[in-house]
Number of protein chains: 2
Amino acid sequence: MSATYSIIIADDHAMFLDGLTSILSEEKSIKIILTAKTGTQVLKYLRINKDEKIDLVITDINMPEMDGVALNQAIKFEFPQIKTLVVSMLEEAKKIKQLTEANANGYISKNAEKTELLNAITNILEGDNYFSPRIKQVLMEAMFSEKSSPEIALTKRETEVLKLIAQEFTTQEIADQLFLSKHTIESYRKNLISKLGVRNLAGLTRYAVEKGLLA
Amino acid sequence: MSATYSIIIADDHAMFLDGLTSILSEEKSIKIILTAKTGTQVLKYLRINKDEKIDLVITDINMPEMDGVALNQAIKFEFPQIKTLVVSMLEEAKKIKQLTEANANGYISKNAEKTELLNAITNILEGDNYFSPRIKQVLMEAMFSEKSSPEIALTKRETEVLKLIAQEFTTQEIADQLFLSKHTIESYRKNLISKLGVRNLAGLTRYAVEKGLLA
DNA sequence: TTTTATATCACGGAAATCGGTGATAAAAGA
DNA sequence: TCTTTTATCACCGATTTCCGTGATATAAAA
């Protein structure tokens, strides 16, 4: 890295943000332009300072207001020349997939060593992408498992009924709430059971909980 | 802080560890003796270097092998003169309570600002304890809520049955598995429903999932 | 030692779920 | 336009759950 690069860091954990800043401020070739706690702050800055040359935005996934995925999409749409590196605790295949689809240039875990972080940054600034081996593996597994277990798509109504079922309402009560026949709800219940491959109410409830339908 | 203090930092997230190290190495009065990724590494070091004066151990809660709570207990038992500061993402009342019972000298969130971190360290090194306002609040709430909603204690058998219920087994199947009468399992089911204040199988399942009985 | 908690079993009836096999109309997609 | 999906409703029988009201023996606690 011979030239000087301008970067922005976004993370809602102040201490991690400070830590990252501290680590990177040791690098002479890196100039930290801004540190932010939300994606919106970053976007706001970029829009106001359109002419400033920013090379890289380092971001977490979990942030209030606007999360890492949305921030990535926005940056790549409005400022496609800016590279992005996601640094997160999460190793959820879904999120990682969303990020690759949003054209993030790299993804490393917060578990990563300092050297890997610097390595990732160097790679990205030089035009390559960087995804840690572990992340690549998660992505691969996700792609395979996706084929073996095709996404179970529930309709709006099915989701609605499932939610109520998991909330301990009986068929009759759900029918009353939705102004539908008891038989209709029974149909949904049966369809859900066979669609989701579960045996009973317990299975439906677990599915609902795991998919975060209750909150 | 006039004198020089010797501290040890333990956190399994390398980047956070690096960040923290980086922040603290700016402080002239602080000398970082060791950084470790597990509690056992810290203890091993302390045992070998019995005569070295260590003032403070900064630790995360979630670590492999030996977590922050266990590390705290061990340190306070074997090296009671060493102060401890817990820096964690978690704000679970249970963990925090355990830590206060293990005589940790301070607890701050990873969301805390750098200034709060330094403030906490200074306080602790000077002999005070430091718990951030947010943490104090969580502790208070926990103490109150404990009285208002007494812990629902399930017996071994009840837990066992509940687990199987949530795993979609019918009463008869559970009875067969545990070599008990179908009536017995029915009793457990009824007791569980009234004990946990839920209405049906869905409620039982949700409770089981939320308590992490399935894994 | 007396009381309480735990673990076990039993009956009966009402209510709900489960499983199969339908139908119809409207909306969406090819 | 034709086909598929979605949303709705219906019947029936078997199984399961839910609810109340019990009992007994043993272990733990007061």
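All chains are named by letter (A, B, ...) in the order of the sequence lines, taking the proteins before the strands, and each is independently numbered beginning at 1.
Each of S187(B) and I193(B) lies near DNA chain D, and the nucleotide nearest I193(B) is the one positioned closer to the 5' end. In this structure, F179(B) and F169(A) both approach DNA chain C, and ranking their closest nucleotides by distance from the 5' end singles out F179(B). Comparing H183(A) and Y188(A), the nucleotide of DNA chain D nearest to each residue sits closer to the 5' end for Y188(A).
In this entry the distance linking NZ of K156(A) with P of dT8(D) reads 12 Å, nearest Å. Here the C1' atom of nucleotide dC19(D) and the NZ atom of K195(B) are 18 Å apart, to the nearest Å. Distance L192(B) CG to dC18(D) P: 11 Å, rounded to the nearest Å. Between the CG atom of L154(A) and the P atom of dT6(D) there is a distance of 10 Å, given to the nearest Å. One interatomic measurement links the two molecules: NZ of K182(B) to C1' of dA10(C), which rounds to 11 Å at whole-angstrom precision. Here the C1' atom of nucleotide dT6(D) and the CD atom of E158(A) are 8 Å apart, to the nearest Å. The interatomic distance linking D176(A) (CG) with dC9(D) (P) rounds to 12 Å, in whole Å.
Of the possible donor and acceptor atoms, one in the side chain of N105(B) sits under 3.5 Å from a partner among the backbone N and O of T84(B). Looking only at distances, no side-chain donor or acceptor of Q41(B) sits under 3.5 Å from a matching main-chain atom of A36(B). In this structure, the side chain of D67(B) does not engage the main chain of N62(B) through any donor-acceptor pair within 3.5 Å.
Taking the side chain of L180(A) as heavy atoms from C-beta on, and the options dC9(D), dA7(C), dC9(C), the nearest nucleotide is dC9(D). Listed nucleotides: dA7(C), dG12(C), dC9(D). Nearest to the side chain of E186(B): dG12(C). Nearest to the side-chain atoms of T170(B) among the listed nucleotides dT16(D), dC9(C), dT8(C) stands dT16(D).
Within 4.0 Å of T184(B), counting heavy atoms only, lies at least one base atom of the nucleic acid.
Taking only distance into account, the side chain of K190(B) meets the base of dT21(D) through a donor-acceptor pair shorter than 3.5 Å.
Annotation: side chain of T59(B) is not in contact with side chain of V42(B) (no heavy-atom distance under 4.5 Å).
Of the side-chain N and O atoms in R189(A), one or more sit less than 4.0 angstrom from OP1 or OP2 of dT17(C). Close to dC18(D), at under 4.0 Å from its OP1 or OP2, lies no side-chain N or O of R199(B).
Between the side chains of Y188(B) and E160(B), not a single donor N or O lies within less than 3.5 Å of an accepting N or O.
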